[in-house]
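Beneath this line is the structure, given in structure tokens, with notes to follow.
All values below were derived from every heavy atom in this structure, side-chain atoms included, with hydrogens, water molecules and symmetry-related copies excluded. Proteins get letters first, then strands, A, B, ... in listed order; numbering begins at 1 in each.
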Protein chains: 2
Amino acid sequence: MNNQKEKSQKKNSILVDGVILNGPVADSKSGEKFVEEVSKMIMEEVIKKASDATEKVCEWQSPEKLRTLLDLELKDTGENHPKLLQLCQDVIQFSVKTYHPRFFNQLYAGIDYYSLAARFIMEALNPSVYTYEISPVFLLVEEAVLKKMIEYIGWEGGDGIFNPGGSVSNMYAMNLARYKYFPDIKEKGLSGIPQLVLFTSEECHYSVKKAASFLGIGTQNVYFVKSDDRGKMIPEELEKQVQQARNEGSTPFFVSATAGTTVLGAFDPLNDIADICEKHNLWLSTSVAWNPHKMLMAGIQCCALLVKDSSDLLKRCYSANASYLFQQDKFYDISYDTGDKSIQCSRRADAFKFWMTWKALGTTGLEERVNRALALVRYLVDEIKKREGFQLLLEPEYANICFWYIPPSLRKMEKGHEFWEKLSCVAPIIKERMMKKGSMMLGYQPHRGKVNFFRQVIISPQVIHEDMDFLLDEIDSLGKDL
Amino acid sequence: MNNQKEKSQKKNSILVDGVILNGPVADSKSGEKFVEEVSKMIMEEVIKKASDATEKVCEWQSPEKLRTLLDLELKDTGENHPKLLQLCQDVIQFSVKTYHPRFFNQLYAGIDYYSLAARFIMEALNPSVYTYEISPVFLLVEEAVLKKMIEYIGWEGGDGIFNPGGSVSNMYAMNLARYKYFPDIKEKGLSGIPQLVLFTSEECHYSVKKAASFLGIGTQNVYFVKSDDRGKMIPEELEKQVQQARNEGSTPFFVSATAGTTVLGAFDPLNDIADICEKHNLWLSTSVAWNPHKMLMAGIQCCALLVKDSSDLLKRCYSANASYLFQQDKFYDISYDTGDKSIQCSRRADAFKFWMTWKALGTTGLEERVNRALALVRYLVDEIKKREGFQLLLEPEYANICFWYIPPSLRKMEKGHEFWEKLSCVAPIIKERMMKKGSMMLGYQPHRGKVNFFRQVIISPQVIHEDMDFLLDEIDSLGKDL
């Protein structure tokens, strides 16, 4: 068909404004071949190596060196296919293998084959989920996933939207809360509104501060509530601070609690906090930001904001009713055109990849993955306790295991200033060595007066308990001379 | 290697917390096979059909019907591969083919093989561009693309960031502007700040209003400046309104001008507006929101905000310095850890796909595509003028062609109230018919007192002038009985 089309145009070549119009300017056969070759490369170099722990996690190059290794510059003329394929090869080679069984560096890791297949479909179809007209399938899929997530949370009903990241979800929630209490804000803005203040724990994600700044509330008006030794918000402290803010003439409106903090993996006591919120009429249990791109492995980005409200709060808060997109005289039920609930116009169909994994594994299969990760946590914790030179910061509550490695030279030292100062340099050096070797990747950070420690996060179902043994052996081997 | 690994674990099976740990829970061989089969399906059902105009653009089903055709529900147990492959097939079948040569419905369309290949790579590698440690290649690629875009705009230097959508870019710009004039806002919020007001044309994108609401400025404080018959902002009106706002005690700080409005494709007179902004110290030529996912076909989402400022304004405005991500004692130059310039934490490597297309085509190739699209616009406009029953709203300035189709029954009618009322029903009916037939997709809308008209947008290099002929023939054939 394509060939017939191409032939017929050659005959009909015409000149308009100095441009010859004689068929598609893109050579589809050659383009298809390129995509085919890159797909093969992805299968061989990425997907088939994803489960192989003997591959390198990363091939470290300094920014200065990598810049010379890659041909980054964009030029006037294009490159041919062999050159482009070489570039693809280079990109894969020098990228960090986040899907590697020994990549433990972030709160996401591993490969989920179902999600990945769905992601390929989505990229090929290139949908934008604003109207049913353009995204019939993906809007229904989003609806089905949101419904199931809401059911899983335990609400009787609700609403939700997928959006680009947990940080943005937090913004949505904060903005919804202030809109609910002061609906005039949408039109009039914050002027004339009493000084809004919000609460989160010291251990909160940094996006809460970013959100307060972006929404015009200001980072000063984020009150950080003390948390206990395990990193959990102390409800009594919350109540005290709410009362204090009221006494100072501010208007508390929002509490952001965390289920799985970034560093320690702590869960704030949600029920106690919810009671305080109810008592003081603050927004909390009314929305949940949930990122399936983390432990549920949907791939970046996949984030939902779910709201308990069923009175179209999202739509009332966000809609702008653009007449060129959300026409009112369409021939189908326009309640399916959900795009106006979003702060975005074009919006990715991120729900789809999570839907595919959920379809493939079922709720049971997803639960099994989480339980397995937590069993591996338990295994690693036991190993850490057995081994000389390793010290847990605290018993983990979730998938984050925080620990120090104490090299032999420090093991007999008194735990005074010098000890901690020396220990603080250990993790960064081991991190440098592991990255240069490419054997694994693991995060470290200082945290609330504690010097640099490792944070191990177990997510991927490709991880086995032998990888836990390897992790400890490798840290010891990389750091025992320090 | 993988097999060896699998064998070795079977021997080492252990029980922890009731979970048997004996190797990866995911079956990688079967997962790889699934991805391979879906990839084949994508190649056959999507990519190879993308250039074939005889395929259907969409296979219309009502939401109610489609829900019964698709098995959407998420269950406790997972599905087997044949069932999952059938679901993938269904998703493709019932999705709108936005890559089809006769999809003219949105401001994006078509398929770019290079961008698509890059998107597949990106999904497989699953990077998040916050730190060089995790995304060495993609951070350097983003830097290279931003540098070239800035150069293309004509600035001597600058900064920028890729973010999820043009709407979000507009928010970034608005927030940067108010931060520049009132840096205290980041910490203190809007309270105590004079009433900020901003300006845009009547023809602006609806995201400007959404941004004002989200940032706490309020939609009432968006002043819509009159535009001329061609849809361009009238600079004298802007100046008048700025003056008036000042007189009323408000504080103008920001003008959002549009280069290619959504409906008419109008370009605001940037130079004149910039002069007014300079005179009144307002933010305008200081940032550009540019979406390569539209005419440059990078695929949704690919959007950059570029700023002229070289004094780290983005970083100062947005940074939160999370110590668990942006550690200060890393072993490489941490100025490459650019993630803190963003409102997001996890962030997609959207620059990469645009980089790949630019590499493949060169600047010349990209320019050629745009010129070709504009020549096709010229061709279509000439055809519309020649044909009875078609009427242009105005001479297009860009890739949007706005026109009415007047069916034979209305052609002799006086252009009074009845005529316009009847005409307003024509486009929606033709739209319904074309979607049910699946022959093409084209948008319509009412606009500033003009009843429903078609808006044709030419983007894809797969489009040929015969498709323009087809478009007019098809509209006539679908609507001549009306």
State, yes or no, whether a side-chain contact exists between A:Arg348 and B:Arg348 at a heavy-atom distance under 4.5 Å.
yes
Can you tell me which portion of A:Ser128 sits under 4.5 Å from chain B's heavy atoms? Options are side chain, backbone, both or neither.
both
On a heavy-atom basis, which atom in B:Ile92 and which in A:Ile121 lie closest, and how many Å separate them?
CG1-CG2, 4.2 Å
How long is the straight-line distance from CZ of A:Phe34 back to CE of B:Met356, given to the nearest 0.5 Å?
5.5 Å
Let me know if A:Asn452 has heavy atoms under 4.5 Å from chain B in its side chain, its backbone, both or neither.
side chain
Is it the backbone or the side chain of A:Asn105 that comes under 4.5 Å from a heavy atom of chain B, or both, or neither?
side chain
Who wins among B:Val96, B:Ile217, B:Leu215 for the most heavy-atom pairs under 4.5 Å with chain A?
B:Leu215
Which one, A:Gly365, A:Gly166, A:Ser62, leads in non-hydrogen pairs under 4.5 Å with chain B?
A:Ser62
Okay, A:Gln195 and chain B: the region with an atom under 4.5 Å from a heavy atom over there is side chain
At a heavy-atom distance under 4.5 Å, which candidate from A:Met435, A:Lys97, A:Lys209 has the highest pair count against chain B?
A:Met435
Which one wins on heavy-atom pair count under 4.5 Å against chain B: A:Tyr113, A:Tyr336, A:Phe94?
A:Tyr113
Under the 3.5 angstrom rule, does the side chain of B:Tyr108 hit a backbone N or O of A:Ser346 as a donor-acceptor pair?
no
Just wondering, are more than 12 heavy atoms of other shown residues or ligands nearer than 6.0 Å to NZ in A:Lys359?
yes
Is it the side chain or the backbone of A:Glu133 that comes within 4.5 Å of chain B heavy atoms, both, or neither?
both
Enter the distance from A:Gln220:CD to B:Lys186:NZ here, rounded to the nearest 0.5 Å.
12.5 Å
Go through the atoms of A:Glu79 and report whether side chain, backbone, both or neither lie under 4.5 Å from a heavy atom of chain B.
both
Under the side chain to side chain contact (heavy atoms under 4.5 Å, CB included) test against B:Tyr379, which residue among A:Asp17, A:Ile14, A:Val19 passes?
A:Ile14
Tell me, for B:Pro164 versus chain A, whether the close heavy atoms (under 4.5 Å) come from the side chain, the backbone, both or neither.
both
Parallel, tilted or perpendicular for A:Phe214 and B:Phe214, by the 30°/60° rule?
perpendicular
By a 4.5 Å heavy-atom criterion (distance strictly below it), what part of A:Leu361 contacts chain B: side chain, backbone, both, or neither?
backbone
B:Val38 portion near chain A, given a 4.5 angstrom heavy-atom threshold
side chain
For chain B, the option from A:Tyr332, A:Trp358, A:Phe120 that forms the most heavy-atom pairs under 4.5 Å:
A:Phe120
So which part of B:Glu36 gets closer than 4.5 Å to some heavy atom of chain A, the side chain, the backbone, both or neither?
both
Using modelled atom types and a 3.5 Å cut-off, is there a donor and acceptor pairing between side-chain atoms of A:Thr98 and backbone atoms of B:Pro127?
no
Where does A:Met441 contact chain B at under 4.5 Å (heavy atoms): side chain, backbone, both or neither?
side chain
Using a cut-off of under 4.5 Å on heavy-atom pairs, state which of B:Ala320, B:Cys58, B:Ala144, B:Ser323 scores highest against chain A.
B:Ala320
Between A:Val463, A:Ile300, A:Asn175, which has the largest tally of heavy atom pairs under 4.5 Å with chain B?
A:Ile300
Toward chain B, the part of A:Phe352 with a non-hydrogen atom under 4.5 Å
side chain
Bottom line for A:Val46: the part with an atom under 4.5 Å from chain B's heavy atoms is side chain
Region of A:Leu87 that comes under 4.5 Å of a non-hydrogen atom in chain B
side chain
Select one option (side chain, backbone, both, neither) describing which atoms of A:Trp60 are under 4.5 Å from chain B's heavy atoms.
side chain
Can you tell me which of B:Val168, B:Ile134, B:Asn371 forms the most heavy-atom pairs within a distance under 4.5 Å of chain A?
B:Ile134
Straight-line distance of A:Cys345 SG to B:Asn291 CG, nearest 0.5 Å:
9.5 Å
Looking at A:Ala212, A:Cys88, A:Gly31, A:Ser30, which makes the most heavy-atom pairs under 4.5 Å with chain B?
A:Gly31
Here the pair of heavy atoms bringing A:Val16 nearest to B:Ala375 is CG1-O, 3.4 Å
Honestly, the part of A:Leu116 sitting under 4.5 Å from a heavy atom of chain B is side chain
Below 4.5 Å from any heavy atom of chain B, which atoms of A:Val263 appear? Answer side chain, backbone, both or neither.
side chain
Chain A contact via B:Ile429 - which portion, at a heavy-atom distance below 4.5 Å:
neither
Given a strict heavy-atom distance threshold of 4.5 Å, which part of B:Glu123 is in contact with chain A: side chain, backbone, both, or neither?
both
In terms of heavy-atom pairs under 4.5 Å, which option from B:Thr364, B:Leu66, B:Asn126 contacts chain A the most?
B:Asn126
Could you work out, with ring-ring contact (aromatic ring centres under 6.0 Å, His included) as the rule, every residue matching A:Tyr99, not counting sequence neighbours?
none
Examine distances only and state if a side-chain atom of B:Trp355 and a backbone atom of A:Leu74 form a donor-acceptor pair shorter than 3.5 Å.
no
What part of B:Ile193 is in contact with chain A, defined as an atom under 4.5 angstrom from a non-hydrogen atom: side chain, backbone, both or neither?
neither
Between the NZ atom in B:Lys210 and the CD atom in A:Gln344, the distance rounded to the nearest 0.5 Å is 9.5 Å
Taking every heavy-atom pair that is under 4.5 Å apart, which of B:Arg369, B:His205, B:His447, B:Gln301 has the most such pairs with chain A?
B:Gln301
